[in-house]
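Below is one structure, written out as structure tokens, with a few remarks after it.
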Amino acid sequence: MTCSTLASPSPLRLGQVADLKGPADLATMQLMTQGKPNQDKKAQQYGVTPQSVDFNDWYNEVVKKADLADNSPVAGAMVMKPYGSALWERIVRWLDDAFKDRDHESLIFPTLIPMNFIMKEADHVEGFAPELFTVNKIGTEVLAEPYVLRPTSETIIGHMWSGWLNSYRDLPFLHYQWGSVFRAELRTKAFLRTSEFYWHEGHTAHASAEEAQAEVRMILDLYHQFCRDILALPVVRGEKTASERFAGASATYSIEGMMRDGKALQAGTSHYLGQKFSKAFDVKFQTRDQKEEFAYTTSWAISSRIIGALIMTHGDDKGLMMPPNIAPIQVVIIPVGRKDNFDEMVVEGEKLAAELRSQGMRVKVDKRDGVTNGFKYNDWELRGIPVRIELGPRDLEQGVVIVKNRTSEDKETLSRQDAVSGITARLDAIQSFLLKRATDFMLGNTVTVDSYDEFKAAIEDGKWVRAFHSGDAESERQIKEDTKATARNIPLDDAEFFAEREEGVCVHTGQPAAYGKRVIFGRQY
RNA sequence: CGAGGCGUAGCGCAGGCUGGUAGCGCACUUGGUUUGGGACCAAGGGGUCGCAGGUUCGAAUCCUGUCGCCUCGACCA
């Protein structure tokens, strides 16, 4: 075990700020309090607010200090900086390959959508109307038919499909596009909620409901696999309750992850749209027996929000922790030397980097001069680089390198000869460690309850709750009003977690429970 | 969009009550000493005080409006 020394995570409970006890906590809090004249300048300059003091401040500071993103002059729209962009690019690349491997084809639709398209599907309009950006002028000329900046593209794709589709032989359409969409947000937060965000939107059309439903499930499973194996995010696959459905969907499925403050985050969605959009946009085809039928469509997405999930699932008080499988930089080499031998150490570092790169690793050599080693260590830890290698004159002499995992406090000595295999093993170990730690955290902070009092107490404690529910929308609304928690999803039978089928009575209304299993409730992003 | 808080150098802040032409720490630049866990010394550069009006001989400071950011509420991927 190369990375098991990290203390097991403790849940950050809501209300913990007020419960600070002891001098250590108070000292920490004072360090981060603005305007204190005698505060430690280094803490002000370099540190981030500890998660336990203020999770939200921690998040905002990590995003900025790790150089993932910055605010822009456009209200609610962020700028992804090079490190954030590199991370997003890797996410895009993996998913794009996966779609293509599954016979899906990418295409590109316009950003502007005629306003009247949005109006054609009743639930869709209702869902999106409040957050539409409208373009009603070109130059000085006022448009008779305004456009909206796409909030999602079901409508314009439906419109185009209706022209492309004639026969059942044309189906399925397995399409997707990468791009950004616009949904005006009043309260924004980097990656999690911005008025413009980046995603892929998958859109498929099928000749039968069964085939479309299979597509929806296939994609959900792909998302699950991506989160688990690449991002090391444990997520629960499940179906959304009726009141949490996508505007215009017949069924919505999601993957939900737990952040380190106990809140849920929907990391991806896959929708079965039935014939709602095909009827609204006349997407029909001739069947084998010469009848006319509307296509069954789906849509699905993972957005740049997933980066928020990555930050909030793995990060600690020092900053980010990147799972090796997605990390833009997996290994950073710090040449340690004085003026007379620093250049030599850089050369040695580059040699090692070349060896590691030849094995497919993403490696950076930190050649910065005039910055102390300690600064570099902290800097790369903030950015979450999984493995750091120190290489100095002593090491060179002894034929070793010093290695430290981001997930551990211990440095270890590795023989120079075994460096490549040793580092490879470490990356694998860190990847599985992060998944296990996050999984333990999620399971350890989910409670099964059978009374509404227990329900409220657990939610107040920042946990997820598994409870029976009647399925009544009004009851869901009241629960949300009481506790700020919503139904996250109803785990699928083959979900990795919480899938047990059970019968019971609704924790809120006392009526017979719907769904044949417990529903996951939690506060959410 | 409702309630609250905050906008002064890249970052964090002081100054504002009592108007008189802007300051501190860090960062940055240069030189030197350093370098195995957030270095030190010295000399420098950088701000139309969010923006727009108003009051005044004079506004960072007082008044009005407006924009932005953060928290809470309603909404969402």
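The chains referred to below are lettered A, B, ... by the order of the sequence lines, with proteins before strands, and numbering in each begins at 1. Below, all heavy atoms of this structure are taken into account, side chains as well, without hydrogens, waters or symmetry copies.
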Exercise. Roughly how many Å is it from CH2 in W58(A) to P in C70(B), rounded to a whole number?
Worked result: 17 Å
Problem set entry | Interatomic distance, N489(A) CG vs A77(B) C1' [rounded to whole Å] | 15 Å
Exercise. In whole angstroms, how far is the P atom of G68(B) from the CD atom of E185(A)?
Worked result: 15 Å
Seminar exercise, completed: Scanning all shown strands, the Watson-Crick or wobble mate of U55(B) with both distances under 3.5 Å is none
Exercise. Are more than 12 heavy atoms from other residues, nucleotides or ligands located less than 6.0 Å from atom CZ of R368(A)?
Worked result: yes
For this session: Quote, to the nearest angstrom, the P distance that separates C11(B) from U48(B).
Result: 14 Å
Seminar exercise, completed: Between A190(A) and V63(A) the two heavy atoms that sit nearest each other are CB-CG1, 3.9 Å
For this session: Kindly indicate whether the side chain of K411(A) and the base of G37(B) share any N or O donor-acceptor pair separated by less than 3.5 Å?
Result: yes
For this session: Kindly check if the number of other-residue, nucleotide or ligand heavy atoms within 6.0 Å of CD (Q478(A)) is above 12?
Result: yes
Exercise. Would a line drawn from the ring center of F99(A) to the ring center of H200(A) be shorter than 6.0 Å?
Worked result: yes
Problem set entry | Any K189(A) side-chain N or O less than 4.0 Å from OP1/OP2 of A77(B) | no
For this session: Check if the side chain of E381(A) and the base of G37(B) share a donor-acceptor pair of N or O atoms closer than 3.5 Å.
Result: yes
Problem set entry | Spacing between K65(A) atom NZ and G10(B) atom P, to the nearest angstrom | 17 Å
For this session: Identify whether any heavy atom of I402(A) sits under 4.0 Å from a base atom; if not, whether one sits that close to sugar-phosphate; answer base, sugar-phosphate or nothing.
Result: base
Exercise. Within the modelled atom types, does a donor on one side and an acceptor on the other bring the side chain of N378(A) and the base of G37(B) under 3.5 Å apart?
Worked result: yes
Exercise. With a cut-off of 6.0 Å (strictly less than), are more than 12 heavy atoms of other residues, nucleotides or ligands near OH of Y147(A)?
Worked result: no
Problem set entry | Stacking of W199(A) on A77(B) base (centres under 5.5 Å, planes under 30°) | no
Exercise. Taking CD from E390(A) and C1' from G38(B), how many angstroms apart are they, rounded to a whole number?
Worked result: 14 Å
For this session: Grab the CZ-C1' distance between F128(A) and A77(B) for me, whole Å please.
Result: 9 Å
Exercise. OP1, OP2 of G37(B) versus side-chain N and O of K318(A): anything below 4.0 Å?
Worked result: no
For this session: Look at all strands and tell whether Y525(A) reaches a base, only sugar-phosphate, or nothing, counting heavy atoms closer than 4.0 Å.
Result: base
Exercise. What about R338(A), does its side chain sit under 3.5 Å from the base of G36(B) through a donor-acceptor pair?
Worked result: no
Exercise. For K339(A), which contact category applies under a 4.0 Å heavy-atom criterion: base, sugar-phosphate, or nothing?
Worked result: base
Seminar exercise, completed: To the nearest angstrom, the CZ-P distance between F375(A) and C26(B) comes to 14 Å
Exercise. Okay, side chain of D472(A), backbone of S475(A): is any donor-acceptor separation there less than 3.5 Å?
Worked result: yes
For this session: Please confirm whether any donor atom in the side chain of S303(A) sits under 3.5 Å from an acceptor in the base of A77(B), or the reverse.
Result: yes
Problem set entry | Any N/O donor-acceptor pair, D395(A) side-chain to G36(B) base, under 3.5 Å | yes
Exercise. With a non-hydrogen cut-off below 4.0 angstrom, is I306(A) in contact with a base, only sugar-phosphate, or nothing?
Worked result: nothing
Exercise. How is R368(A) classified with respect to the nucleic acid when contacts are heavy atoms under 4.0 Å: base, sugar-phosphate, or nothing?
Worked result: nothing
For this session: Give G76(A) one of three labels, base, sugar-phosphate or nothing, depending on what nucleic acid heavy atoms sit under 4.0 Å from its own.
Result: sugar-phosphate
Problem set entry | Value in whole Å for how far the C1' atom of C75(B) lies from CZ of F246(A) | 15 Å
For this session: Mind checking N60(A) for me? I need base, sugar-phosphate or nothing, with any heavy atom below 4.0 Å counting as a touch.
Result: sugar-phosphate
For this session: State the pairing partner of G7(B); accept Watson-Crick or G-U wobble contacts with both distances under 3.5 Å, and report none otherwise.
Result: C67(B)
Exercise. Mind checking whether F226(A) and W94(A) have ring centres under 6.0 Å apart?
Worked result: yes
Seminar exercise, completed: Assert: residue with more 5' nearest nucleotide on RNA chain B, out of D57(A) and T194(A), is D57(A)
Exercise. Considering every strand shown, what is the Watson-Crick or G-U wobble mate of C28(B) when both distances are under 3.5 Å?
Worked result: G44(B)
For this session: Considering only atom P, compute the distance from C26(B) to A39(B) and round it to an integer number of Å.
Result: 13 Å
